[in-house]
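Heads up, the thing below is written out as structure tokens.
All values below were derived from every heavy atom in this structure, side-chain atoms included, with hydrogens, water molecules and symmetry-related copies excluded.
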Amino acid sequence: MLDFTSATFTSVTNSTLLVSSLVSLVLGVVIALVFAYKSKKSKGFLMTISALPFIVQIVIMLVNGNVGTGVAVMGAFSLVRFRSVPGSAKDICSIFLAMAVGLATGTNHLLLAALMTAVVCALAIVYTLVPESKASGEKELTVVIPESLDYAQVFDDIFEKYTSDSELVQVKTVNMGSLYKLKYTVTLKDKTKEKQMLDEIRVRNGNLEVICSRAKSPDSEQL
């Protein structure tokens with residue numbers, strides 16, 4: 001039976017430190033392997049997720065209920081700035097899970113840490129194995145047009161001819177406002193006619209830049 005009556009303990013013995021550290025490291029490795037399953041993750045990411053529960057556990061044990069030390073630790077963490085590219089929603093989930101496991105093991109709730117890891121990792125595996133229901137032929141289309149064209153309906157007839165669905169998702173001015181960069185999400189009726197569609201768009205926009213790329217995977221969505 002889980003005991004939530006005490007979130008901290010007044011003394012840390014060598015045996016408690018050793019057991020908690022082993023549990024943190026093992027659960028960290030499990031989290032890293034599960035969230036790397038069928039995903040391209042760097043060695044740095046795997047190392048970070050593996051070590052994060054142990055690091056958080058040590059910090060919690062060092063604070064050990066001391067308010068002054070806790071405030072100092074929070075102040076030190078607030079100086080950290082992450083300068084890498086934003087992670088996906090799945091990456092953020094793995095980081096929060098690793099931190100939560102470290103908090104649980106740091107307060108000697110080892111069974112809770114193991115249970116939390118098992119539940120979240122099982123959900124992660126299930127959702128990874130579920131096939132994506134992405135529409136066939138979905139593309140991201142970026143088109144640059146001169147400012148003289150009305151971007152609202154400039155390609156409607158072309159999209160009606162070659163796509164089953166189209167949506168303008170972003171408008172951006174470039175080249176000191178003399179050009180517009182439009183981003184669309186389109187679903188092609190026939191993928192073999194992609195070049196014909198692009199050729200007609202090039203005629204319409206004066207042969208300015210046109211980019212047609214694969215639509216982003218739902219796993220790459222950012223929080």
Would you check if there is a donor-acceptor pair between the side chains of Q57 and S24 at a distance under 3.5 Å?
yes
Across all chains, not counting sequence neighbours, the ring pair (Phe, Tyr, Trp, His ring centres under 6.0 Å) partners of Y180 are Y151
My understanding is that only residues two or more places apart in sequence, or in another chain, count here; which of them pass side-chain hydrogen bond (donor to acceptor under 3.5 Å, both in side chains) with T173?
none
Mind checking side-chain hydrogen bond (donor to acceptor under 3.5 Å, both in side chains) for S148 and listing every partner two or more places apart, or none if nothing turns up?
none
Linking Ile, Leu, Val, Met, Phe, Trp and Tyr through side-chain heavy atoms less than 4.5 Å apart, which residues share a cluster with [X]?
X	result
L208	V144, V174, L179
V29	L33
V203	none

Residues in side chain to side chain contact (heavy atoms under 4.5 Å, CB included) with L25, at least two apart?
F54
Return a table of donor-acceptor pairs under 3.5 angstrom between the side chains of residues 120-127 and protein atoms on other chains or two or more places apart.
none

ring-ring contact (aromatic ring centres under 6.0 Å, His included) pairs, two or more places apart, involving residues 18-39
none
Do any pairs count as a side-chain hydrogen bond (donor to acceptor under 3.5 Å, both in side chains) and have a residue in residues 194-204, sequence neighbours left out, and if so which ones?
D157-R204, K161-E200, Y162-E200, K195-D199, D199-R202, R202-N207
With a cut-off of 3.5 Å and sequence neighbours excluded, list every side-chain donor-acceptor pair involving residues 45-53.
| residue | atom | partner | partner atom | Å |
| --- | --- | --- | --- | --- |
| T48 | OG1 | G44 | O | 2.8 |
| S50 | OG | L46 | O | 2.7 |

Can you list every pair that meets salt bridge (charged side-chain N to carboxylate O under 4.0 Å, His left out) and has a residue in residues 162-189, with sequence neighbours left out?
none
